[in-house]
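Note: hydrogens, waters and symmetry copies are ignored here, and every other heavy atom, side chains too, is used. Counting convention: from 1, in listed order, for ligands and their atoms alike. Sequence positions, counted from 1, serve as the residue numbers for this chain.
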Amino acid sequence: MKISSRLMKIKPSPTLAVTALANSLKAKGIDVIGFGSGEPDFDTPDFIKDAAIKAIRDGRTKYTPAGGIIELKQAVADKFARDNNLNYSTSEITINCGGKHSFYNLMQVLLDPGDEVIIPSPYWVSYPSMVLLAGGEPVIVETGEDTGFKLYPDQLRQAITPRTRAFLINSPSNPTGAAYSESELAALCEVLADTDISIISDDIYESITYDDFKFTNTANLSDDMKNRTFVLNGVSKTYSMTGWRIGYMAGDESVIKKVETLQSQSTSNPASISQWASVAALTGDQDCINEMTGAFTRRRKLIVNSLNSIPGINCLNPAGAFYAFPGISGVYDLKGWKAVSDKYEGEHNSSIFTSYLLEEARVAVVPGVAFGSDNHVRLSFATSDENIREGIKRIGEAVQKLQ
Ligand code: PLP
């Protein structure tokens with residue numbers, strides 16, 4: 001069957017694929033430890049579930065406005081004022097079917113064929129695909145450990161062309177955990193000052209940060225920056241609500257209106273029950289976030305220290321999110337690597353290493369090449385301390401065999 005050329009450019013999400021593979025091996029009784037998952041391993045808090053059950057009982061089970069109920073838009077506006085010192089009216093806010101959908105919609109509304117979006121690499125796997133689906137061109141700019149995986153202003157300057165339509169910032173980042181300080185953001189914004197480039201700020205990991213990191217957004221820097229920033233966020237990671245599919249976005253009213261037009265002709269409203277649950281999440285007791293980040297803080301230390309104790313592996317401390325992104329190029333230099341790469345034929349070293357770990361160590365990680373770096377792998381530490389201890393021990397033993 002003929003498939004559209006747009007879709008021929010897109011591959012399935014590798015993070016979902018790794019999780020599915022680990023689950024299918026587990027279902028066959030194979031003891032696999034999965035580090036693939038991009039979701040908190042905590043249950044959704046009870047007060048949020050109760051709000052959803054109440055919504056069902058109250059009959060809030062019908063279509064809502066395509067861009068979401070006004071109560072949720074107001075809860076989002078109040079959240080921006082409370083947590084981010086940002087004032088938006090409800091007409092500058094839209095509710096989407098997850099943060100992924102917010103980005104997808106925004107790309108569809110902003111981009112014409114050939115328009116470029118600057119994406120710092122390593123990047124979340126879905127950004128380039130969603131730019132391509134909208135007919136745009138992802139412009140990938142590499143960063144590495146030397147800058148803590150952060151883009152520096154000259155790199156941004158050099159990436160700008162007359163076709164640049166938008167610049168993406170994902171802080172804290174999936175997969176690197178890098179997070180930009182206010183002054184780092186200001187230096188990047190200075191480069192944009194004389195342009196009309198939009199900023200897309202994907203803040204989905206905003207609430208998961210470590211070591212007293214102070215989260216800031218480009219919209220906080222000046223009126224000009226606020227006018228051109230689109231803030232994307234959602235309830236998935238903050239409230240352990242990945243399955244409920246609620247994301248939201250704030251920014252220029254004319255663009256927000258068009259996102260809602262698009263949504264009205266595609267998905268219609270995000271699930272009504274999930275919207276009411278999200279009102280409860282955003283307006284209720286926020287202590288549940290601290291409980292989660294407390295556990296992530298402990299696990300971050302455990303996973304980073306254990307990874308760094310393996311010769312050939314080098315892991316920076318993530319400033320936010322719940323991923324470790326260790327460099328593994330030292331493994332490629334080990335004596336036994338040639339035999340491994342011969343056995344697991346493949347184009348990419350990080351995929352070969354991933355296959356080796358799955359077979360040899362029964363550990364599932366995500367190859368860095370999916371995020372734009374073949375010298376890394378990603379491990380989610382949204383899993384138990386026990387899994388982290390056992391999983392990293394197994395990785396260490398598998399690497400030891402290559403010495
Ligand atoms: N942005 C980033 C960087 C992510 O890692 C994810 C999920 O993994 C999302 C956005 C979207 O999350 P959701 O669609 O579940 O709200």
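Listed by atom number, the atoms of ligand 1 under 4.0 Å from Y127 heavy atoms are 3 (C). Within the listing of ligand 1, atoms 14 (O), 16 (O) sit less than 4.0 angstrom from a heavy atom of G98. Atom numbering of ligand 1 starts at 1 in the shown order; those under 4.0 Å from a heavy atom of S236 are 13 (P), 15 (O), 16 (O).
Below 30°, between 30° and 60°, or above 60°: for Y248 and F80 the angle between ring planes is above 60°, a perpendicular geometry. Classification of the Y323-Y205 ring pair by plane angle, with boundaries at 30° and 60°, yields perpendicular.
D154 and R157 are joined by a salt bridge, as a carboxylate oxygen and a charged side-chain nitrogen come within less than 4.0 angstrom of each other.
A donor-acceptor contact under 3.5 angstrom links the side chains of N84 and E206, judged on distance only.
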Kindly determine whether F47 and Y239 satisfy ring pair (Phe, Tyr, Trp, His ring centres under 6.0 Å), including the steps that lead there.
-> CA-CA 11 Å; F47 75 94; Y239 303 101; 7.7 Å; no

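Nearest to atom 1 (N) of ligand 1 by heavy-atom distance, out of D202, D203, N96, is D202.
Residue R245 places at least one N or O, backbone or side chain, under 3.5 Å from an N or O of ligand 1. The distance criterion of under 3.5 Å between nitrogen or oxygen atoms is not met by N170 with respect to ligand 1. For ligand 1, the polar-atom distance check against G99 finds a nitrogen or oxygen pair separated by under 3.5 Å.
Using a 4.0 Å cut-off between heavy atoms, K237 contacts ligand 1 through its side chain alone, with no backbone atom that close. The proximity of Y248 to ligand 1, defined as any non-hydrogen pair under 4.0 Å, does not occur for either the backbone or the side chain.
At the top of the distance list for atom 6 (C) of ligand 1, counting protein heavy atoms only, stands W124 CZ2, 3.4 Å. Closest protein heavy atom to atom 11 (C) of ligand 1: K100 N, 3.5 Å.
The stretch residues 126-160 participates, sequence neighbours left out, in these ring-ring contact (aromatic ring centres under 6.0 Å, His included) pairs: F103-Y127, W124-Y127, F149-F325, F149-H376.
Residue contacts with ligand 1 include Y205, since one of its heavy atoms falls under 4.0 Å from the ligand. Contact analysis leaves G234 out of contact with ligand 1, as no non-hydrogen atom separation drops below 4.0 angstrom.
To the nearest 0.5 Å, atoms CG (N96) and CD (Q263) are separated by 4.5 Å.
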Identify all side-chain donor-acceptor contacts of residues 24-34 below 3.5 Å with residues at least two apart in sequence or on another chain.
| residue | atom | partner | partner atom | Å |
| --- | --- | --- | --- | --- |
| S24 | OG | L21 | O | 3.0 |
| D31 | OD1 | R394 | NH2 | 3.3 |
| D31 | OD2 | R394 | NH2 | 2.5 |

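Judged by the 6.0 Å distance and 45° axis criteria, K73 is not positioned over the aromatic ring of Y88.
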